[in-house]
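Heavy atoms only: backbone and side chains are in, while hydrogens, waters and symmetry mates are out. Letters A, B, ... mirror the listed sequences (proteins, then strands); counts begin at 1.
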Amino acid sequence: MADSESPKPRTDFIRDMIHADQAAGRNDGWVITRFPPEPNGYLHIGHAKSICLNFGLAEEFGPKARCHLRFDDTNPTKEETEYVDSIEQDVRWLGFDWGEHLYFASDYFEALYGYAMQLIEKGLAYVDDQTPEQIRETRGTLTSPGTDSPFRNRSVEENRDLFARMRAGEFANGAKVLRAKIDMASPNINLRDPVIYRILKAAHHRTGDAWSLYPMYDFAHPLSDAIESITHSLCTLEFEHHRPLYEWLIQNVDGLPGQPYQREFARLNLTYTVMSKRKLLRLVKEGFVNGWDDPRMPTISGLRRRGYTPEAIRVFCKTIGLTKFNAVTDVALLEHALREDLNRRALRAFAVLDPIKVVLENYPEDAEEFIDCVNNPEDEASGTRPVPLCRELFIDRDDFMEEPPPGYHRLRPGGEVRLRYAFCIQCHEVIKDESGRVTELRCTYDDATRHGKKPEGRPKVKGIIHWVSARHAIPAEVRLYDRLFTVEQPDAMEQDFTELLNPESLTVVTTAQLEPSLAEATVAQRYQFERLGYFAVDAVDSKPGALVFNRTVGLKDSWAKQMAKA
RNA sequence: UACCCCGUGGUGUAAUCGGUAACACAACGGAUUUUGGUUCCGUUUUUCUAGGUUCGAGUCCUAGCGGGGUAGCCA
């Protein structure tokens with residue numbers, strides 16, 4: 001079945017594995033995955049990789065396949081409903097659907113408690129009275145084994161009693177924990193009697209104060225997977241060392257509905273940004289950006305507000321592949337996927353960011369006309385629109401130079417340039433203010449050059465520029481975004497990452513003048529401001545009559561590149 | 001200096017059983033173009049190192065080197 005989003009058919013070690021499982025007849029052919037976010041922050045483009053993987057698998061391996069959305073909400077001190085809502089919205093926006101299969105680890109608290117009790121009965125878990133410090137000290141180090149807790153060999157009866165009383169709230173936070181009884185000398189620290197329950201007298205966003213103890217991730221995750229009959233539990237590389245513990249639990253707990261297994265893949269790293277929730281949270285809390293959905297953030301909500309499309313993100317996720325190699329992906333790959341999508345779907349429009357007034361001296365004062373402009377050259381069906389033109393226009397300051405360098409095709413004194421879709425104009429006079437800043441150009445237009453016509457014997461006019469009728473233009477604010485950081489890998493530097501922020505990551509342009517059709521611009525519609533880039537209405541700040549546009553991404557600009565090299 | 005994972009152009013990935021290392025991005029050059037956009041054509045650059053097995057190794061074996069991860073009552 002062809003996937004129009006797919007640059008090419010993809011395979012990877014995960015898909016190979018699943019095919020092998022199916023060939024071996026495991027799980028009766030079912031493929032059940034899950035996307036398991038903790039509701040303690042907003043989703044970012046790295047999560048999109050995991051979402052596309054897990055939900056993508058469910059689409060590819062259907063009909064005996066599905067993907068669950070499960071909130072891993074086992075730590076009430078960090079989790080909030082606000083995050084649950086944003087996560088659901090972001091997954092849906094990316095184009096995925098969990099159907100009936102929305103779950104919360106907190107829904108399993110009772111079952112998990114039962115499983116813990118079962119381990120106690122089997123002599124595979126014990127209540128430890130040591131302090132956190134003592135537990136840390138007796139855990140050993142990376143190079144030396146740990147030592148047994150003095151409470152390790154409590155009787156089943158005593159453990160059962162103590163664990164029940166932990167639940168009943170008889171003990172203070174930190175007074176006791178439940179540990180799995182595995183091997184304090186294991187070279188894998190996760191197997192040195194890991195803590196599986198801690199006392200935490202905190203209100204949970206869903207269960208309120210019903211519980212005074214909560215399961216740890218290492219305990220809750222594999223068992224939640226098993227409860228949901230997950231077949232393939234896919235997570236990132238840093239959980240690799242936890243796999244033996246995952247398997248230990250699946251093997252040692254009886255009566256589980258499923259027998260999932262865990263495999264790990266490399267998380268996404270992107271150049272010129274940071275991806276850890278902790279760092280993103282700092283950017284928000286310390287005011288370096290304006291919230292989680294700041295268009296400079298790599299969050300899904302930030303990318304959405306900036307004007308990214310879900311299709312572009314999905315194509316990007318396919319392009320980057322899936323491996324166990326800890327790679328750093330060039331953000332240019334993301335931007336390429338974006339431009340490719342936007343080029344196809346964006347409506348073209350004229351916008352002048354930094355206007356210079358142009359007066360067409362031979363154009364009648366009271367006249368006006370409408371020029372037919374193509375809405376999208378990539379899509380004939382999108383048609384044309386009439387754009388008004390009169391004696392006074394705005395053009396962009398970048399499109400005029402008094403003393404241009406060689407190769408400059410735009411307007412200069414005495415020079416000629418074509419107004420896109422209209423006609424050529426010639427500049428006769430440059431008017432400046434006291435500071436020497438150009439304020440107005442006196443020009444004449446050539447009616448014989450309409451519709452791209454080139455009169456005989458005249459040199460071809462190479463420069464084509466966009467324009468807006470001064471009499472009809474509507475003002476707007478335009479926000480220009482650049483990369484958030486000045487270095488490719490802020491994480492790899494010795495400085496604190498906040499010292500590497502790009503001071504020019506946001507430029508607010510308040511002088512923009514737009515063609516009038518843009519007054520009806522909608523948040524959902526993407527636009528290309530011709531010769532400038534792709535822009536989207538800001539969903540938060542834009543108002544009718546006070547439009548705000550975000551630059552999603554600029555057009556490739558080989559002239560700017562050439563100038564930068566000079 | 002313990003254990004686990006990983007090393008393919010500048011970047012991200014692919015390569016069936018061991019059989020001519022390929023795709024995309026980026027960069028560079030050119031053509032087309034009423035967007036210095038798009039599109040098209042072309043160019044540069046690759047298997048971490050050293051041995052071994054083999055007619056033949058990116059792939060198998062050994063040793064080394066390099067990178068990442070791990071000592072929360074976080075996930």
Sequence-aligned protein contact record of nucleotides 33-38 of chain B, with B where the base is within under 4.0 Å of a protein heavy atom and S where only the sugar-phosphate is:
-BBBBS
Spell out protein contact along nucleotides 65-75 of chain B as letters: B when the base is contacted, S when just the sugar-phosphate is, - when no protein heavy atom is under 4.0 Å; keep the 5' to 3' order.
---SBBBSBSB
Stem ranges for RNA chain B, with three or more consecutive Watson-Crick or G-U pairs under 3.5 Å?
B:2-7 with B:65-70, B:10-13 with B:22-25, B:27-31 with B:39-43, B:48-52 with B:60-64
Below 4.0 angstrom from OP1 or OP2 of B:rA27, is there any side-chain N or O of A:K561?
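True: A:K561 side-chain N/O within range (under 4.0 Å) of B:rA27 OP1/OP2.
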Any side-chain N or O of A:T323 less than 4.0 Å from the OP1 or OP2 oxygen of B:rU13?
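Affirmative; the distance criterion is met.
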Take atom [atom1] of [X] and atom [atom2] of [N], then tell me their distance rounded to the nearest Å.
X      : N      : atom1 : atom2 : answer
A:R344 : B:rU39 : CZ    : P     : 10 Å
A:F325 : B:rC48 : CZ    : C1'   : 11 Å
A:D330 : B:rG12 : CG    : C1'   : 9 Å
A:F13  : B:rU13 : CZ    : P     : 11 Å
A:F316 : B:rA24 : CZ    : P     : 17 Å
A:L270 : B:rA26 : CG    : P     : 15 Å
A:N269 : B:rU13 : CG    : P     : 10 Å

How would you list, by chain and number, every residue that makes a salt bridge (Lys or Arg N to Asp or Glu O under 4.0 Å) with A:D148, sequence neighbours excluded?
A:R152
Is the closest basic N to carboxylate O distance between A:K78 and A:E38 below 4.0 Å?
no
Once side-chain contact (heavy atoms from CB on, under 4.5 Å) is applied, do any residues pair with A:L200, and if so which ones, sequence neighbours excluded?
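Expected list: A:N75, A:P76, A:T77, A:R198, A:Y214.
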What closest approach, in Å, do A:F485 and A:F497 show between heavy atoms, and which atom pair accounts for it?
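Closest approach of A:F485 to A:F497: CE2-O, 3.1 Å.
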When rounded to the nearest Å, what value does the distance between C1' atoms of B:rG10 and B:rC74 take?
37 Å
For B:rG72, does the O4'-C1'-N9-C4 or O4'-C1'-N1-C2 angle fall within 90° of 0, making it syn, or is it anti?
syn
Taking the side chain as every heavy atom from C-beta outward, state whether A:R192 and A:I182 have any atom pair closer than 4.5 Å.
no
Which protein N or O atoms sit under 3.5 Å from an N or O of nucleotides 59-61 of chain B?
none

